[in-house]
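Below is one structure; the comments refer to it alone.
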Amino acid sequence: MSDTSKKIEAQQREMPEPYEGNRPIPWLVIIIVAGIFAWAIGYIGFTHQTNPPSYGDRRTAADFKVAASAAGGKVDGAQIYTAQCLACHQAGGQGLPGVFPPLAGSEWVNGKATLAVQIVLHGITGDLTVGGTHYNGQMPTFKDKLDDAQIAAVVSHIRGSFGNLAGPVDAATVKAEREATAAHTQPWNGDAELEALK
């Protein structure tokens, strides 16, 4: 047998090289997937959610309703509260247990008016005790976001709402407090600094 014949014979014994075929997805799989997709769309579109808000963070659509502006251009503290404070302190000022302190019945809110103003102006960081419960979080500063009249309005709203009976604050008080602590650039360090302002 010649060398050429041996080579051809060896080639004929070899199996063909495997290759990836172009096999289509079975129709049964396509139908099942399409059916599940259609059912999911229908479920989202037609299912009425009746789960109570307590399953989430207890907020309802009413909590996000923005209060109407007061007549005569007066700054509406309730509206500012809704826009700036409600997400943490909640619509009823009760806060979120263990996370955000309550404003209702808070000694920091019902104490000296200037203390509440300072908290809104500069915010808080670190350990803060409210009603005997410790919180360790951060409250943002509003000194650059709200003017004197707006801070006076929201502080007055907080001090006169949620069962609080403290007196209102005027813009002149906020202006004086802003000027007195103009050099203070960081949030108040919780109890450690705020106790001295009580």
Side-chain angles (χ1 to χ4, degrees), residues 48-70 74-171 173-174 177-178 181 184 186-198:
H48 176 66
Q49 296 294 332
T50 57
N51 294 335
S54 58
Y55 285 5
D57 62 2
R58 302 180 186 209
R59 286 183 285 175
T60 64
D63 294 333
F64 296 96
K65 204 170 191 178
V66 177
S69 299
K74 184 179 176 185
V75 179
D76 188 344
Q79 188 175 25
I80 296 171
Y81 179 83
T82 300
Q84 306 294 336
C85 316
L86 186 145
C88 297
H89 296 293
Q90 306 298 290
Q94 76 274 19
L96 285 176
V99 183
F100 299 115
L103 300 176
S106 167
E107 62 269 37
W108 303 101
V109 173
N110 290 293
K112 288 171 59 178
T114 53
L115 175 58
V117 169
Q118 286 296 335
I119 290 172
V120 175
L121 278 171
H122 299 288
I124 304 173
T125 186
D127 187 60
L128 182 71
T129 306
V130 180
T133 302
H134 289 273
Y135 295 85
N136 196 339
Q138 288 193 326
M139 173 181 161
T141 173
F142 289 95
K143 66 178 181 179
D144 298 324
K145 193 171 187 180
L146 302 177
D147 62 24
D148 295 340
Q150 290 171 322
I151 290 178
V154 72
V155 170
S156 296
H157 171 72
I158 292 168
R159 285 167 57 84
S161 303
F162 321 127
N164 298 327
L165 299 174
V169 176
D170 59 18
T173 300
V174 177
E177 290 299 312
R178 186 191 295 272
T181 56
H184 192 84
Q186 299 296 320
W188 296 109
N189 184 19
D191 293 329
E193 285 188 315
L194 290 175
E195 284 289 344
L197 302 180
K198 273 187 171 178

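Numbers here simply count residues along the sequence, with the first being 1.
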Evaluation steps, side-chain contact (heavy atoms from CB on, under 4.5 Å), between V130 and F100
CA-CA 10 Å; V130 180; F100 299 115; over 6 Å; no
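- Separation of atoms CG (L86) and CD1 (I80) is listed at 13.5 Å; rounding is to 0.5 Å.
- Here the side chain of H89 pairs no donor or acceptor atom with the backbone of A91 at under 3.5 angstrom.
- The side-chain contact (heavy atoms from CB on, under 4.5 Å) check on Q138 picks up T125, with sequence neighbours excluded.
- Considering CD1 of I119 and CG of L103, their distance stands at 9.5 Å, rounded to 0.5 Å.
- No side-chain donor-acceptor contact under 3.5 Å links T129 to the backbone of H134.
- Here the side chain of R159 pairs a donor or acceptor atom with the backbone of V109 at under 3.5 angstrom.
- For the pair Q94 and P102, the tightest heavy-atom approach, listed with the atom from each and the gap, is O-CB, 3.4 Å.
- Closest approach of D148 and A171 over heavy atoms only: CB-O, 3.8 Å.
- Among all heavy-atom pairs drawn from C85 and V154, the shortest one is SG-CG2, 4.2 Å.
- Between Y81 and F162, the two ring planes are tilted [angle within 30° to 60°].
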Decide yes or no on side-chain contact (heavy atoms from CB on, under 4.5 Å) for W108 and I124, but give the supporting numbers first.
CA-CA 12 Å; W108 303 101; I124 304 173; over 6 Å; no
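- Minimum interatomic distance between E193 and P187 (heavy atoms only, all atoms of both residues): OE1-O, 3.9 Å.
- Note that CG of D127 is 11.5 Å distant from OH of Y135, once rounded to the nearest 0.5 Å.
- Scanning all heavy atoms of the two residues, the minimum distance from D76 to A153 falls at C-CB, 4.5 Å.
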Going through the checks in order, is the side-chain contact (heavy atoms from CB on, under 4.5 Å) test met by R178 and I151?
CA-CA 10 Å; R178 186 191 295 272; I151 290 178; 3.7 Å; yes
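- Inter-residue side-chain proximity for K198 and E107 is flagged as met; some heavy-atom pair is nearer than 4.5 Å.
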I would like to know whether W188 and T181 meet side-chain contact (heavy atoms from CB on, under 4.5 Å); could you show each step before the answer?
CA-CA 11 Å; W188 296 109; T181 56; 4.3 Å; yes
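- No donor-acceptor distance shorter than 3.5 angstrom exists from the side chain of N164 to the backbone of A166, with no hydrogens or angles considered.
- In this structure, NE2 on H122 lies 10.5 Å from CG on L194, to the nearest 0.5 angstrom.
- A pairwise comparison of heavy atoms in T114 and E177 identifies CG2-OE2, 3.2 Å as the closest pair.
- Side-chain contact between Q84 and K145 is present, with heavy atoms from C-beta onward closer than 4.5 Å.
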